[in-house]
Amino acid sequence: MTRMASASQIDQLADRLERLLVRYEELQRTNALLSQQVEALTQERDSLKSRLAAARSRVDALLERLPDLHA
């Protein structure tokens with residue numbers, strides 16, 4: 001009887017281990033996708049920051065060209 005209980009416990013552990021491995025693989029895939037999204041968003045943010053800096057520079061240059069209204 002002990003041998004049957006042991007075999008049953010081993011089967012349960014094997015099933016649980018299999019489920020854990022499947023879950024682990026799912027989490028690895030999810031993590032890879034999230035890493036790709038972070039990279040894409042980081043590049044988009046950097047591009048937007050660069051465009052904002054260029055726009056600020058153009059506005060500053062235009063402001064410099066305006067006549068001084070307080071003179």
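All of these numbers come straight from a predicted model, not from anything done at the bench.
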*Rounded to the nearest 0.5 Å, how far does CZ of R56 lie from CG of L52?*
4.0 Å
_Distance check, rounded to the nearest 0.5 Å: T42 atom OG1 versus E39 atom CD?_
6.0 Å
*Does S47 reach the main-chain N or O of Q43 with its side chain, forming a donor-acceptor pair under 3.5 Å?*
no
_Using a 3.5 Å distance criterion without hydrogens, assess whether the side chain of S57 forms a donor-acceptor pair with backbone atoms of A53._
no
*Would you indicate whether E26, at its atom CD, is surrounded by more than 12 heavy atoms from other residues, nucleotides or ligands within a distance under 6.0 Å?*
yes
*If you measure from CG on L17 to CG on L21, what distance do you get to the nearest 0.5 Å?*
4.5 Å
*May I ask you to check whether over 12 heavy atoms, not counting those of R45, lie within 6.0 Å of atom CZ?*
yes
*Roughly how far, to the nearest 0.5 Å, is the OG1 atom of T30 from the CZ atom of R23?*
7.0 Å
*Would you kindly confirm whether V59 and L66 end up in one hydrophobic cluster when ILVMFWY residues are joined by side chain heavy atoms under 4.5 Å apart?*
yes
*To the nearest 0.5 Å, how far apart are CD1 in I10 and CD in Q12?*
10.5 Å
